Protein chains: 2
Amino acid sequence: MKKIIVQLNKTFDNRVRLGIMSMLMVNDWVDFTTLRDLLELSDGRLASHIKALEEEQFIEVRKQFVGRKPNTSYRATKAGKKAFTDHLDALERMIKGVKE
Amino acid sequence: MKKIIVQLNKTFDNRVRLGIMSMLMVNDWVDFTTLRDLLELSDGRLASHIKALEEEQFIEVRKQFVGRKPNTSYRATKAGKKAFTDHLDALERMIKGVKE
DNA sequence: TTAAAGTACTTTGAAAAACAAAGTTATAAG
DNA sequence: CTTATAACTTTGTTTTTCAAAGTACTTTAA
């Protein structure tokens, strides 16, 4: 039972980021406003956490026009999904396995 | 599917605190040094997170002497266990349930 | 046609949280 | 007498988080 904490990903030490990733694990291409409204965040707060996840390359962006309106959507990258499931696995192991 | 993020407890937005709580969910009375060594933390870092959890009344302390040496142990309170399982449940619901 | 509202941010600044490093008190072992 | 262990606390810095306001462009409403 070594290196318990290190296996948890620091990027996911945040409720908002957990929320974004959860959404993007199940849904392909979720747009900015949907994310903002579902997670009940301000534009700025959402944008800042999205930026953090983008910098880690855990999510990717698609910008397009729907009709005449700009539309920005996000989805989890392969690396992002892996990092997230790894994190959750580590958490589960930690909760279940910490005896001694 | 409302109030997704709010159900996650801010106190557990931290790897160290998740580690401490995980330990104390399964083990009754874990002492300071054991916690410190297993989680591979410095005295100061461990102490500060313990303090935060104590202030929330999620853990309680017992100070005694073992032989001639001081020994400080911690365990999760009822409220602490509830808060932690509530948090984990919310997380699970969020991961599994965020469709739409 | 002027005003208001929506989309998707960025910037700024402040507050909160986290952390490392060193200091502390007290006992105990070598 | 020196070093070590236990369990912290203090100090100061760095990092993180967030709210609030600003921006640029478009569209819808009055």
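The model shown is predicted, which means the values in this text are computed figures rather than measured ones. Below, chain A is the first sequence line, B the second, and so on; all start at residue 1.
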Student: Consider side-chain contact (heavy atoms from CB on, under 4.5 Å). Of A/Leu35, A/Val30, A/Asn27, which one does A/Tyr74 pass it with?
Tutor: A/Leu35
Student: Roughly how many Å is it from CD1 in B/Ile50 to C1' in D/dA7, rounded to a whole number?
Tutor: 9 Å
Student: Can you give me the N/O atom pairs linking the protein to nucleotides 12-16 of chain D at distances under 3.5 Å, or say none if there are none?
Tutor:
unit_1 : atom_1 : unit_2  : atom_2 : d
D/dT16 : OP1    : A/Lys10 : NZ     : 3.2

Student: Using the side-chain heavy atoms of B/Tyr74, tell me which of these nucleotides is nearest: D/dC8, D/dA7, C/dC19.
Tutor: D/dC8
Student: May I ask you to say what B/Ser48 touches in the nucleic acid, namely base, sugar-phosphate or nothing, with a heavy-atom cut-off under 4.0 Å?
Tutor: nothing
Student: Would you find a donor on one side and an acceptor on the other, under 3.5 Å apart, between the side chain of B/Thr77 and the backbone of B/Gln57?
Tutor: yes
Student: Do the two ring centres, one from B/Phe12 and one from B/Phe84, sit under 6.0 Å apart?
Tutor: yes
Student: Could you tell me whether the phosphate oxygens of D/dC8, OP1 or OP2, come under 4.0 Å of any side-chain nitrogen or oxygen in B/Lys63?
Tutor: yes
Student: Could you give the CG-to-C1' distance, from A/Leu18 to D/dT17, as a whole number of Å?
Tutor: 15 Å
Student: Between A/Val61 and B/Asp13, which is nearer to the 5' end of DNA chain C once each is assigned its nearest nucleotide?
Tutor: A/Val61
Student: Rounding to an integer number of Å, can you tell me how far B/Gln64 CD sits from D/dA7 C1'?
Tutor: 14 Å
Student: Are there any protein N/O atoms within less than 3.5 Å of an N/O atom in nucleotides 21-27 of chain D, and if so, which ones and at what distance?
Tutor:
unit_1 : atom_1 : unit_2  : atom_2 : d
D/dT27 : OP1    : A/Arg68 : O      : 3.0
D/dT27 : OP1    : A/Arg68 : NH1    : 3.4

Student: Taking 4.0 Å as the cut-off, does a side-chain nitrogen or oxygen of B/His49 come that near to OP1 or OP2 on C/dC19?
Tutor: yes
Student: Nearest whole Å is fine: how far is D/dA7 C1' from B/Asn71 CG?
Tutor: 10 Å
Student: Among the clusters formed by ILVMFWY side chains lying less than 4.5 Å apart, do B/Trp29 and B/Leu38 turn up in the same one?
Tutor: no
Student: Counting only N and O atoms by type, is there a donor-acceptor contact under 3.5 Å from the side chain of B/Thr72 to the main-chain atoms of B/Phe32?
Tutor: no
Student: How many whole angstroms separate atom CG of A/Leu46 from atom P of D/dA19?
Tutor: 12 Å
Student: Looking only at atom types and distance, does a side-chain atom of A/His87 sit under 3.5 Å from a main-chain N or O of A/Asn9, one as donor and one as acceptor?
Tutor: yes
Student: Could you check how far CZ of B/Arg15 sits from C1' of C/dC19, rounded to whole Å?
Tutor: 11 Å
Student: I need the NZ-C1' distance between B/Lys51 and D/dC8, as an integer number of Å.
Tutor: 10 Å
Student: Please determine whether a side-chain nitrogen or oxygen atom of B/Thr72 lies at a distance below 4.0 Å from atom OP1 or OP2 of D/dA6.
Tutor: no
Student: Can you list the residues that meet the side chain to side chain contact (heavy atoms under 4.5 Å, CB included) rule with A/Asp31, with sequence neighbours excluded?
Tutor: A/Thr33, A/Thr34, A/Asn71, A/Ser73
Student: Just verifying a value: how many Å separate B/Leu39 CG and B/Met23 CE, rounded to the nearest 0.5 Å?
Tutor: 6.5 Å
Student: Would you kindly give the CZ-to-P distance between B/Arg36 and D/dT5, to the nearest whole Å?
Tutor: 9 Å
Student: Taking A/His49's backbone N and O only, do any of them form a donor-acceptor pair with A/Arg17's side chain (distance below 3.5 Å, no angle check)?
Tutor: no
